[in-house]
Amino acid sequence: MNETTQQVGPHKSRGALHDVWVIARRGLIHMKRQPEALSDATIQPLMFVLLFAYVFGGAIQIPDGNYREFLMGGIIAQTLVFSAFGVAMSLANDRKNSAVDRFRSLPIANGAVLGGHAVANVLKQVLPITIMSLAGLVVGWRIRGGFVDAVHAYVLMIAFAFAIIWIGVLLGSLVETPEGVTGIAFAALFPLTFVASTFVPVESMPGPLQVVARWNPTSSLSDALRILFDNPTGIPSQSTAFPTQHPVLYTWMWVIGLVVVVAPISIRVYKRSISK
Amino acid sequence: MAACPIEATGLVKRYGEKVALGGIDLSVPAGTVTAVLGPNGAGKTTAVRILTTLSEPDEGSATVAGFDVMKDPTEVRRRIGLAAQDATVDPLLTGFENLVMIGELHQLSRKEAKVRAGELLEEFSLADAGGRVSGGYSGGMRRRLDLAATLVANPEVLFLDEPTTGLDPRARNELWAVLDTLLDHGTTILLTTQYLEEADRLANDIVVVDHGQIIAQGDARSLKRQVGGDNIGVTVTQVERLGEAAQVLGRVTGTAVVEDPSTRSAVAPTEAGVSGLADVARALGEAGIGVEDLSLRQPTLDEVFLTLTGSPANDETPTDEDGAR
């Protein structure tokens with residue numbers, strides 16, 4: 001065997017961040033090589049922007065402004081919520097391909113695999129967020145608020161992308177196969193993203209659905225982005241529910257709640273699912 | 001390095017009601033190869049998973065490369081290579097990217113990992129395929145890549161879980177040739193297999209397991225002696241002359257002959273090996289009996305099990321090895 005890179009004894013650890021980054025890079029290559037994942041991140045958000053702006057948009061009235069400006073917060077929120085599905089798929093595929101065992105037999109830092117998935121997912125969202133922002137500008141959306149609020153909006157998107165991962169980890173650990181993930185994801189994620197202020201004002205829904213939609217974090221994320229960009233929200237001034245009164249705060253509470261409460265549970269369930 | 005880089009005592013593993021390992025002791029001296037031979041569900045993969053820190057035993061203990069698998073799993077992982085039963089290369093990464101990633105996760109620098117990946121691709125005849133995604137590889141290429149991946153960090157101890165299962169004979173021969181070079185390299189290896197022939201060819205020591213228990217142990221020759229060695233089989237062209245052929249066979253081998261008219265064949269154990277085969281061929285020729293097939297063959301795993309346990313291998317549900325994943 002060639003001696004050039006041989007050394008005596010094993011190599012010293014390069015730290016958890018190194019391991020996380022190596023596994024995250026793999027996740028990014030996966031996105032590049034999977035046409036459906038790549039289209040989920042590029043063509044799909046573009047299609048949604050165009051479809052809702054030009055096809056459905058004309059039929060939906062927003063009390064306090066232009067529909068295309070209303071649309072953008074919702075569409076970005078929907079994409080971020082859906083990214084949980086991608087994480088769950090990655091985990092299910094890892095188990096299917098026994099990649100989990102390969103990683104576990106390597107001298108890597110604790111949590112590097114999930115950390116790698118998390119970092120990859122956050123980075124994967126940068127592409128659709130950029131595409132949607134640009135497409136939005138083309139169809140007439142504008143950032144009308146201040147610079148600090150706009151930065152806040154993008155920080156909130158990234159934070160939410162990180163937080164929602166843990167739902168994906170939970171889903172990917174509980175469901176055995178990629179096919180199962182698809183089934184459950186669509187059953188859960190479609191109502192979650194559509195029974196919300198994503199595409200239409202909550203006020204247009206029947207009473208009981210309004211309650212669900214108001215407390216749905218997809219609504220509050222949509223509304224928070226609208227408020228931070230100073231776009232129309234469609235929220236009537238007499239609305240008193242906490243999430244509609246304080247969507248930015250309520251969304252941050254979800255972000256923190258997901259990371260502090262859901263993440264530890266997800267990590268435990270994930271560990272149990274891989275160590276039989 | 002410890003005298004026995006793989007040392008296990010009383011390993012027990014249960015999955016619910018099912019006992020996957022019922023107290024197994026293993027000891028593999030440095031620089032030698034031990035084959036764990038057994039049918040599906042015998043506990044082979046469970047044993048490998050425990051020794052490679054993927055699974056914890058319910059009872060017993062094990063040290064690998066001098067470290068306790070339960071107390072120091074990271075130290076163990078730094079010193080081992082594992083080729084799991086299904087080749088665990090990443091199908092969306094190229095061969096080169098796979099090896100670089102494993103190298104980096106073995107804490108090589110990116111540059112070192114790239115150099116090492118190039119060397120290994122060359123060594124495993126994958127240099128041309130290195131730039132293609134491994135999902136498009138043939139089964140044999142995927143196994144070679146998997147094997148290359150286990151060697152990235154020059155492990156002290158290698159675990160190969162059924163390295164040739166599912167390969168066609170040509171790919172299997174290629175892989176054996178690769179394994180031969182590893183053995184020359186002096187790596188300590190534990191491999192599992194369902195094939196006596198493979199264990200015989202590659203290992204110094206064979207441990208036969210069934211239902212989570214070790215039922216026999218020793219080198220290939222002593223095991224074969226226990227199960228009665230090789231068989232000579234004759235298939236005649238005309239079934240009327242089978243009786244005559246059986247007589248000739250029995251006279252040469254001096255052992256009991258089993259006739260089977262339905263396949264026009266007769267089988268007898270022999271200890272004379274190939275020279276016995278030549279004697280039988282000559283005797284049959286002198287008697288003028290038409291022979292369709294004449295062969296010397298090793299006892300199959302089934303026959304080994306029949307002899308050692310009194311029950312055929314795979315007498316139970318053909319589960320995916322202990323359902324460990």
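By convention in this document, chain letters (A, B, ...) are assigned in the order of the sequence lines, proteins followed by strands, and residues within each chain are numbered from 1. Both backbone and side-chain heavy atoms feed into the values below; hydrogens, waters and symmetry mates do not. This structure is a prediction, so every number in the text was calculated from the model and none was measured.
If you measure heavy-atom distances from His18(A) to chain B, the contacts under 4.5 Å come from the side chain alone. Proximity to chain A (any heavy atom under 4.5 Å) is shown, for Thr94(B), by both the backbone and the side chain. Both the backbone and the side chain of Leu106(A) come within less than 4.5 Å of a heavy atom of chain B. Of the atoms belonging to Pro73(B), not a single heavy atom falls under 4.5 Å from chain A. Only the side chain of Glu97(B) has a heavy atom closer than 4.5 Å to any heavy atom of chain A.
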Working for salt bridge (charged side-chain N to carboxylate O under 4.0 Å, His left out), residues Glu59(B) and Lys13(B): CA-CA 7 Å; Glu59(B) 288 168 37; Lys13(B) 181 75 183 177; over 6 Å; no
Phe48(A) and Phe82(A): CA distance, side-chain angles, deciding distance, ring pair (Phe, Tyr, Trp, His ring centres under 6.0 Å) verdict: CA-CA 13 Å; Phe48(A) 265 94; Phe82(A) 255 98; 8.2 Å; no
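Enclosure of atom CG in Leu50(A) by more than 12 non-hydrogen atoms of other residues, nucleotides or ligands within 6.0 angstrom is indicated.
Side-chain atoms of Glu104(B) never come within 3.5 Å of backbone atoms of Met101(B) as a donor-acceptor pair (strictly under, hydrogens ignored).
Most heavy-atom pairs under 4.5 Å with chain A, from the set Thr53(B), Val76(B), Asp90(B), Thr74(B): that is Asp90(B).
Nearest heavy atoms, Ala30(B) versus Thr188(B): CA-OG1, 3.5 Å.
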